[in-house]
Novice: 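Sharing a structure below in structure tokens format, with a few things to ask.
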Amino acid sequence: MLEQISELKAKALEELEASSSLIELDEWQNLYLSRKGQVKSLLKEIGKLEDPQDKKAAYGEINPLNKELERLLEERKESIQKAELDQQIASEREDTSLPGTTGGQGSMHPINTVLEEVCGIFERMGFQIWESPHVETDQNNFEMLNIPPHHPARDMQDTFYVSEDVVLRTHTSPGQVRAMRALAPEPIRVLLPGTVYRNEQITGRSEIQFNQVEGLAVGTNITMADLKGILEEFVHQFFGPDRRMVLRGSYFPFTEPSVEVDIDCNLCGGSGCGVCKKTGWLEILGAGVVHPKVLANGGYDPEIHSGFAFGLGIERMVMLRHGINDIRHFYSGNLRFLEQFD
Ligand code: DAH
């Protein structure tokens, strides 16, 4: 029996030494120390021994062995756990010599850059920035601007209706009426920048959402000459001092007379190309002398007061400045496009 015990000990110690994971240790514990393990079965056999001397000697060996194996198991478990932890730490250690991954920095959208620049130019000429709502009444968007229901001018702007008499503003011009009503009868110079909405087919030239800057000046003795001077100053500051500008007669219901403003095409130098449709001129905005009805709707007496107004499209400004040929790029979210303007 003593021999069996020492054989068991030798085998158990050897296997314990060889086990290298917690799973193997579990298996080892099952094999030797569990209720059905080898130590327990030897104990049973010792119980069956006839000779009390032999029994005593065998117990004297197996009991300390049992304790020792348990102690060694714990020791081994701890050292394996420590080794596994060390290994994990080593594998997770960061290599500080690797180049870092930066979060990437955003930048201004080209539309916003130009919006700010345009606003800055007019602000320095004494215009005050005003905000007006994107969701407008039909009244302000059309009627107050001398565009009655069924007027053919409504065809110029396809409209998103929120309800029968509420719309998404199709232009920034309703802000004129709001500004006048808030400030009349004081002389005013306001600038109304913002997004406008039209229910149009999206193409390379038209989007359903774009940005305008509306300008309005009302006072006494304000004439077309003032409008021309202000716009010429703007064109020279924005496009450069050599840029030529012309006023071309046009029609808007809220101005009389109305004009469209063209600048010479910088792509062909005025000789005519695809971008300027062979005219040598590029349209940049609509403008005019404020219609007496609109002045009256804003709370001014058209006998005493006069004013000018203009509305320009920001997307068009950016496209002309950077030679962009498709308006859809702006809202594509395409970083390869946007990063060019960092
Ligand atoms: N609201 C016009 C449009 O969106 C642009 C415009 C033309 C604004 C003439 C004006 C103006 O203030 O006087 O097409």
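We count ligands from 1, going down the list as the structure has it; atoms in each ligand are counted the same way.
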Novice: When you measure from the side chain of Q237 to the backbone of E233, do you find a donor-acceptor pair of N or O atoms at a distance under 3.5 Å?
Specialist: no

Novice: What is the closest protein heavy atom to atom 10 (C) of ligand 1, and at what distance does it sit?
Specialist: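 Nearest neighbour among protein heavy atoms for atom 10 (C) of ligand 1, to 0.1 Å: E214 OE2, 3.4 Å.
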
Novice: Specify the closest pair of heavy atoms between E315 and Y331, including all atoms of both residues, with the distance to one decimal.
Specialist: OE2-OH, 2.6 Å

Novice: Taking 4.0 angstrom as the limit, do R244 and D264 come out as a salt bridge?
Specialist: yes

Novice: Could you tell me, atom by atom, which parts of ligand 1 come under 4.0 Å of a heavy atom of A309?
Specialist: 12 (O), 13 (O)

Novice: Check each atom of ligand 1 against the heavy atoms of Q212 and keep those under 4.0 Å away; list them by number with element.
Specialist: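 Answer for ligand 1: 3 (C), 4 (O).
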
Novice: With under 30° as parallel and over 60° as perpendicular, where do the rings of F142 and H171 fit, or are they tilted in between?
Specialist: tilted

Novice: Please list, in number order, the atoms of ligand 1 under 4.0 Å from a heavy atom of S173.
Specialist: 1 (N), 8 (C)

Novice: Give the atom numbers and elements of ligand 1 that come within less than 4.0 Å of a heavy atom of F252.
Specialist: 7 (C), 9 (C)

Novice: Between D51 and K55, does at least one N-O distance fall below 4.0 Å, as a salt bridge requires?
Specialist: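 Salt bridge: no.
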
Novice: So if I count the atoms of ligand 1 from 1 in the order they appear, which ones are less than 4.0 Å from some heavy atom of Q176?
Specialist: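 Near Q176, the atoms of ligand 1 are 12 (O).
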
Novice: Any salt bridge linking R178 with E131? Criterion: basic side-chain nitrogen under 4.0 Å from a carboxylate oxygen.
Specialist: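 Salt bridge absent between R178 and E131.
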
Novice: Side chain, backbone, both or neither: which applies to A287 and ligand 1 if a contact is any heavy-atom pair less than 4.0 Å apart?
Specialist: backbone

Novice: Salt-bridged, E7 to K11, with N to O below 4.0 Å?
Specialist: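 A salt bridge is absent here (no side-chain N lies under 4.0 Å from a carboxylate O).
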
Novice: For atom 8 (C) of ligand 1, which of the options G313, G175, G311 provides the nearest non-hydrogen atom?
Specialist: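 Answer by nearest heavy atom: G311.
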
Novice: Would you mind checking which non-hydrogen protein atom is closest to atom 11 (C) of ligand 1, with the distance to 0.1 Å?
Specialist: F254 CE1, 3.5 Å

Novice: Report the part of R169 in contact with ligand 1, treating N, CA, C, O as backbone and CB onward as side chain, heavy atoms under 4.0 Å; options are side chain, backbone, both, neither.
Specialist: neither

Novice: Against heavy atoms of G288, which atoms of ligand 1 measure under 4.0 Å?
Specialist: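 Taking each heavy atom of G288 in turn, ligand 1 has 13 (O) under 4.0 Å.
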
